[in-house]
Amino acid sequence: QVQLVESGGGLVQAGGSLRLSCKASVSIERFSIINWYRQPPWKQRELVAFIRSGGNRNYRNSVLGRFNISRDNAENTVYLQMNSLKPEDTAIYYCNARVETYDQPAEDYWGQGTQVTVSS
């Protein structure tokens with residue numbers, strides 16, 4: 001059973017930084033794409049950043065230039081470095097990993113989430 005565990009959330013002041021980790025129970029090289037999502041209070045879940053197996057990365061416009069997604073295959077871990085945090089970044093952050101094959105439906109795996117709170 002594939003498991004993802006997020007960690008690194010917490011309470012920070014505006015302008016501060018946090019690094020979130022997503023640790024997988026299997027090699028992350030099997031995943032076609034790994035996403036970071038977040039769900040702000042009273043809002044729908046939104047995509048924050050992704051990294052593809054080939055290394056392509058992209059970000060939600062509101063975090064572009066402030067956040068960085070990276071991976072460490074040896075540690076089976078994907079990171080989200082968050083700098084210059086703003087109160088509107090407050091949310092529960094979720095890691096999502098997807099397996100895509102030509103002959104099977106996509107498989108999605110989710111972590112339990114980690115809370116990020118940014119005070120003003």
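In what follows, every heavy atom counts, from backbone to side chain, and hydrogens, waters and symmetry copies are set aside.
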Can you tell me how far [atom2] of [Y] sits from [atom1] of [X], rounded to the nearest 0.5 angstrom?
X: K23; Y: N76; atom1: NZ; atom2: CG; answer: 5.5 Å
X: L11; Y: S119; atom1: CG; atom2: OG; answer: 5.5 Å
X: Q39; Y: E46; atom1: CD; atom2: CD; answer: 9.0 Å

Heavy-atom distance under 4.5 Å between the side chains of [X] and [Y], does that happen here?
X: T114; Y: S7; result: no
X: N96; Y: Y109; result: no
X: D89; Y: R38; result: yes

Would you sort out whether L20 and M82 count as a side chain to side chain contact (heavy atoms under 4.5 Å, CB included), showing the intermediate values?
CA-CA 8 Å; L20 306 184; M82 305 187 297; 3.7 Å; yes
ILVMFWY cluster membership beyond F50 - transitive side-chain contacts under 4.5 angstrom
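ILVMFWY cluster around F50 also holds I33, Y37, L47, I92, Y94, W110.
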How about CG on N56, more than 12 heavy atoms from neighbouring residues, nucleotides or ligands closer than 6.0 Å, or not?
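Yes.
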Would you name the heavy atoms of A97 and I34 that are closest together and state the gap between them?
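The answer is CB-CG1, 4.2 Å.
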With no hydrogens and no angle check, is any side-chain donor or acceptor of [X] less than 3.5 Å from a backbone partner on [Y]?
X: R57; Y: I69; answer: yes
X: T90; Y: T117; answer: no
X: S25; Y: Q3; answer: yes
X: R66; Y: S84; answer: yes

Given the rule in the side chain to side chain contact (heavy atoms under 4.5 Å, CB included) test, do E6 and Q112 qualify, once you have shown the distances and angles that lead to the verdict?
CA-CA 7 Å; E6 301 99 330; Q112 81 290 343; 2.9 Å; yes
Residues L18, Y93; criterion side chain to side chain contact (heavy atoms under 4.5 Å, CB included); working and verdict
CA-CA 12 Å; L18 286 172; Y93 284 72; over 6 Å; no
Residue pair I51, W36: steps toward the side chain to side chain contact (heavy atoms under 4.5 Å, CB included) verdict:
CA-CA 9 Å; I51 184 166; W36 281 100; over 6 Å; no
Could you walk me through whether N68 and Y79 pass the side-chain hydrogen bond (donor to acceptor under 3.5 Å, both in side chains) test, one step at a time?
CA-CA 8 Å; N68 182 64; Y79 302 98; over 6 Å; no
With E107, which of R30, R98, E100 fulfils side-chain contact (heavy atoms from CB on, under 4.5 Å)?
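Testing E107 for a side-chain contact (heavy atoms from CB on, under 4.5 Å) against R30, R98, E100 leaves exactly one candidate, R30.
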Is it true that N83 and S17 share a donor-acceptor pair across their side chains at a distance under 3.5 Å?
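There is such a pair (donor and acceptor under 3.5 Å, judged by atom type) between the side chains of S17 and N83.
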List the steps, then state whether side-chain hydrogen bond (donor to acceptor under 3.5 Å, both in side chains) holds for E75 with N73.
CA-CA 5 Å; E75 295 294 328; N73 290 342; over 6 Å; no
Are I28 and V2 in one and the same hydrophobic cluster, where Ile, Leu, Val, Met, Phe, Trp and Tyr link if side-chain heavy atoms are under 4.5 Å apart?
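Linked within one cluster.
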